[in-house]
Amino acid sequence: MKKIAILISGSGSNLGAIIDACDKNIISGEVSLVISNNPNAYGLKRASSKSIETIVLDHRKYKSREEFDNELEHILKRNNFDLIVLAGFMRILGEKITKKFNNKMINLHPSLLPLYPGLNTHEKVIKNNEKIHGISIHYVSNELDAGPLIAQGIIKIKGSDSVETVTERIHKIEHDLLPDVIKEICDEKIYFRDGNVQFSKDINTTNGIIVKKYNV
Ligand code: GRF
């Protein structure tokens, strides 16, 4: 049973999907800590309702990014997690902490990286009339939204799509692919070694990553 920490900033719908997959024994692991930088994050309530320990690290109470990162690093080290998942965690982490955990910290990002790192990805995709869009799950590096890719989920953008419909469609595929990737990591079928993501032979990859096309 792997020990998982989830970092959030908001609604925590992805956290909910991960907890569900653990409860159903799809993931051989348990979410043993949820950390939020936002004291009002709804995800904190989701965690508490499942009796999962929560910690709020309100970034506004720290003098610098380093102080925030150091406190976070301290908590994560103390608990010795197998996996740390940034699921809608809207803080940029610095080089020291990302180096420390680079083989066990993964991030969910709502775009097909390397396209559209950063914020407001759905707005940008629609504005640029992109035909496809999606999500990326990657190991974290010290560059924003740029660590080694594990998986991408792809949707087609429809003529009728708005930011709201894309947000909803993207959430659907996040709630499928993120628990899936976490399951494989907990089963040690995906791991990070020598600077590369490694997959066991029974996992289908395309150009070195998992690619899943969705019709949602
Ligand atoms: C997700 O769409 C994630 O990709 C983005 O923020 C959203 C978080 O959603 N970075 P939730 O908090 O898991 O509901």
Side-chain angles (χ1 to χ4, degrees), residues 4-23 26-27 29 31 33-50 52 54-59 72 83-93 98 105-126 130 132-141 143-157 161-183 185 209-212 214 216:
I4 305 168
I6 314 274
L7 276 59
I8 60 163
S9 298
S11 157
S13 65
N14 283 286
L15 164 70
I18 297 163
I19 295 171
D20 276 357
C22 291
D23 284 351
I26 296 168
I27 294 173
V31 178
L33 179 62
V34 171
I35 302 174
S36 173
N37 66 306
N38 169 12
N40 301 315
Y42 182 68
L44 290 167
K45 291 201 174 74
R46 291 183 201 263
S48 302
S49 75
K50 292 280 182 177
I52 295 168
T54 59
I55 294 179
V56 174
L57 286 186
D58 186 343
H59 59 276
L72 180 59
L83 180 64
I84 301 157
V85 183
L86 312 187
F89 181 65
M90 307 305 282
R91 290 291 296 168
I92 295 173
L93 297 176
T98 50
M105 187 183 266
I106 64 171
N107 181 44
L108 167 68
H109 182 74
S111 81
L112 295 173
L113 292 170
L115 297 174
Y116 304 107
L119 297 174
N120 304 321
T121 58
H122 308 330
E123 282 89 336
K124 290 173 189 162
V125 160
I126 288 177
E130 297 284 5
I132 60 166
H133 183 35
I135 63 168
S136 301
I137 299 164
H138 62 92
Y139 279 97
V140 169
S141 73
E143 274 179 78
L144 177 67
D145 299 328
L149 282 171
I150 304 167
Q152 289 190 318
I154 302 174
I155 58 168
K156 281 188 186 153
I157 294 293
D161 263 326
S162 61
V163 171
E164 288 71 31
T165 60
V166 170
T167 303
E168 200 185 319
R169 295 175 66 209
I170 286 289
H171 262 129
K172 278 191 189 153
I173 74 171
E174 289 180 335
H175 299 166
D176 178 76
L177 192 58
L178 183 59
D180 231 36
V181 165
I182 293 173
K183 171 196 163 37
I185 293 174
I209 66 167
I210 296 168
V211 177
K212 200 162 168 188
Y214 288 87
V216 292

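This is a predicted model, so every value here is computed, not measured. Whatever order the structure lists ligands and atoms in, that order sets their numbers, starting from 1.
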What residue and atom, counting heavy atoms only, is the protein's closest point to atom 12 (O) of ligand 1, and at what distance?
G12 N, 2.7 Å

Report yes or no: does G43 have a heavy atom closer than 4.0 Å to ligand 1?
no

Closest approach of any protein heavy atom to atom 3 (C) of ligand 1, naming residue and atom:
E174 OE2, 3.4 Å

Can you confirm whether K124 is buried at NZ, in the sense that more than 12 heavy atoms of other residues, nucleotides or ligands lie under 6.0 Å from that atom?
yes

For atom 7 (C) of ligand 1, the protein heavy atom that lies nearest, with its residue and separation:
H171 NE2, 4.1 Å

Check the side chains of N37 and S9 for a donor-acceptor pair under 3.5 angstrom, ignoring hydrogens and angles.
yes

Atom 10 (N) of ligand 1 [closest protein heavy-atom partner, distance rounded to 0.1 Å]
P110 CD, 3.7 Å

Heavy-atom proximity to atom 14 (O) of ligand 1, picking from G10, S13, S9, points to S13

Minimum-distance protein heavy atom relative to atom 6 (O) of ligand 1
G88 CA, 3.9 Å

Do I173 and K212 have side-chain heavy atoms sitting under 4.5 Å apart?
no

Residue pair L93 / L72, side-chain heavy-atom distance below 4.5 Å:
yes

Taking atom types as modelled, is there a side-chain donor on S13 or R46 under 3.5 Å from an acceptor on the other?
no

Determine, using ring centers only, whether H122 and H133 are less than 6.0 Å apart.
yes

